[in-house]
Protein chains: 2
Amino acid sequence: MRCLLIEDENKVADFVARGLRAERFAVDVARDGESGWDMASANDYDLVILDLMLPKLSGTEVLSRIRRKNTSVPILILTARDATAEKVRHFEAGADDYLTKPFAFAELLVRIKSLLRRGPVARENVLRVDGLELDRLTQQVKRDGRRIELTSKEYSLLEYLMSHPARVFSRTMIIEHVWDQSFEGLTNIVDVYIRHLRAKVDDPFPQKLIRTVRGVGYCITEEPGT
Amino acid sequence: MRCLLIEDENKVADFVARGLRAERFAVDVARDGESGWDMASANDYDLVILDLMLPKLSGTEVLSRIRRKNTSVPILILTARDATAEKVRHFEAGADDYLTKPFAFAELLVRIKSLLRRGPVARENVLRVDGLELDRLTQQVKRDGRRIELTSKEYSLLEYLMSHPARVFSRTMIIEHVWDQSFEGLTNIVDVYIRHLRAKVDDPFPQKLIRTVRGVGYCITEEPGT
DNA sequence: GCCGGCATTAAGGCTGCATTGACGGCAAAT
DNA sequence: ATTTGCCGTCAATGCAGCCTTAATGCCGGC
């Protein structure tokens, strides 16, 4: 789950970013409207959290630019308390939800989860491939009933693969969804993490689920051939 | 247990806040209706104690706003007036209990405990994880029958962790539930208190119950790795 | 069979998070 | 006024997880 946070107040930005990272999100932070818009248009986010009071380019402007670009990424507006008229205006401009500062992180999280769930493709809370099971709520992974401990990166990678079983993901797509911007350059980082996953998820079992598609990428599936 | 007290009379506010803190509640105090409403909407309380005679925004108004927001937090009304008609009106507006001033602190406490007990999820009075036992009534903690002395903060933290065994709590969530509003900014206070708890709860025993989930948070569980 | 390129894997350095002990401030108790 | 104990801060240390690098293995084309 990759997410963009556009917020100029350091305290709020750090607070939210830290909380989301603990929830295993890959979080990019933009400190003003301009770079926020740049990043939103350059990358493919699963969620945008947008403050309205921003230097350089107002949040309202960023919102309408993103929508003009016709992307359907969920956008959650974050702002100081203000008039309901404003609220309606922003909903019409394409915001999906609205939260006034100050807010409790728990509430933000609830709203985010609900936003992600009601996407175009219904988001399952439990993903299953053969005996492998990933619970998005508790973030626990099991295979044949036995718990498997994963690090944050390993978990995010597995979640991404399992979000579309049998679909082949290229290394580029994987990097764009699982890693955040702090990452650049072409390395074999994906291959390495596939290795880590295999060590925990496939190695102890006879049936291998993670498949390499030469020249293309990786996918997760129960059928060996296909 | 986090609780919001909305009361403008300093004497009463201090009296109640002190009493509740002695009972190990994390107490936020609002001195007028407006900030009371702000805080109620911003945070996630387990209980709200509301005076009716308030500057800026009446308690009645605060009550109906909270209910309009559709939260089910228990609300206890606190007021000088004793008219039965008023009382009924407020019950209809969503109050859960009603206490007229002056009152004995002991009585307030009894009503609070009964309110908390009849929450949507039946509240267990004794929490257990392996040999560790926390009694919410006497606020005593034992492990393998031996009493463990905890300070208020340590107790609150342990209670929170034990309220959902095996669930991982992020530092952000822990701060929101165990500390009160006076707290903000990024510190390692949670880590420090986890240390204190471990010193008393885990260090003297071979089986460790408090587990760190790196990059995410902490949880309490009997299973070590699995 | 040979070669080039891609995939796999092991090993290691680095970074930042987690851990821990010590310290000063504060409030309650004596 | 002094003491005691709790709270929150800070900084030193250690270590886990992240990413890189490079050696090796495998596959397909010629």
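To find a chain, count down the sequence lines: A is the first, B the second, and so on, and within it residues start at 1.
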Taking only side-chain nitrogens and oxygens of [X], does any of them come within less than 4.0 Å of OP1 or OP2 of [N]?
X: Thr187(A); N: dC19(D); result: no
X: Trp179(A); N: dC18(D); result: no
X: Thr151(A); N: dC18(D); result: yes

Identify, between Ser152(B) and Glu154(A), the residue whose nearest nucleotide on DNA chain D lies closer to the 5' end.
-> Ser152(B)

Can you tell if the side chain of Leu99(B) reaches within under 4.5 Å of the side chain of Asp97(B), non-hydrogen atoms only?
-> no

Side chains of Thr151(A) and His196(A) in contact at under 4.5 Å (non-hydrogen atoms) = no

Could you tell me how far apart [X] ([atom1]) and [N] ([atom2]) are, to the nearest whole angstrom?
X: Leu197(A); N: dG17(D); atom1: CG; atom2: C1'; answer: 14 Å
X: Leu150(A); N: dA16(D); atom1: CG; atom2: P; answer: 17 Å
X: Lys208(B); N: dA18(C); atom1: NZ; atom2: P; answer: 20 Å
X: Ile210(B); N: dT19(C); atom1: CD1; atom2: P; answer: 11 Å
X: Tyr193(A); N: dA16(D); atom1: OH; atom2: C1'; answer: 10 Å
X: Asp202(B); N: dA18(C); atom1: CG; atom2: P; answer: 18 Å
X: Lys200(A); N: dA16(D); atom1: NZ; atom2: P; answer: 12 Å

Mark up nucleotides 3-13 of chain C, 5' to 3', with B wherever a protein heavy atom is under 4.0 angstrom from a base atom, S wherever such an atom reaches only the sugar-phosphate, and - elsewhere.
-> --BBSBBS---

Shortest non-hydrogen separation from Arg136(A) to Tyr155(A) and the atoms involved | CA-OH, 3.7 Å

Just do the side chain to side chain donor-acceptor pair (under 3.5 Å) check on Asn10(A) and Arg31(A) with the steps written out, would you?
-> CA-CA 8 Å; Asn10(A) 281 326; Arg31(A) 303 283 173 171; 2.5 Å; yes

With Arg211(A) as the cation and Tyr218(A) as the aromatic partner, state whether NZ or CZ is under 6.0 Å from the six-membered ring centre and within 45° of the axis.
-> no

Mark yes or no for whether Arg143(A), through its side chain, and Val201(A), through its backbone, hold a donor-acceptor pair below 3.5 Å.
-> yes

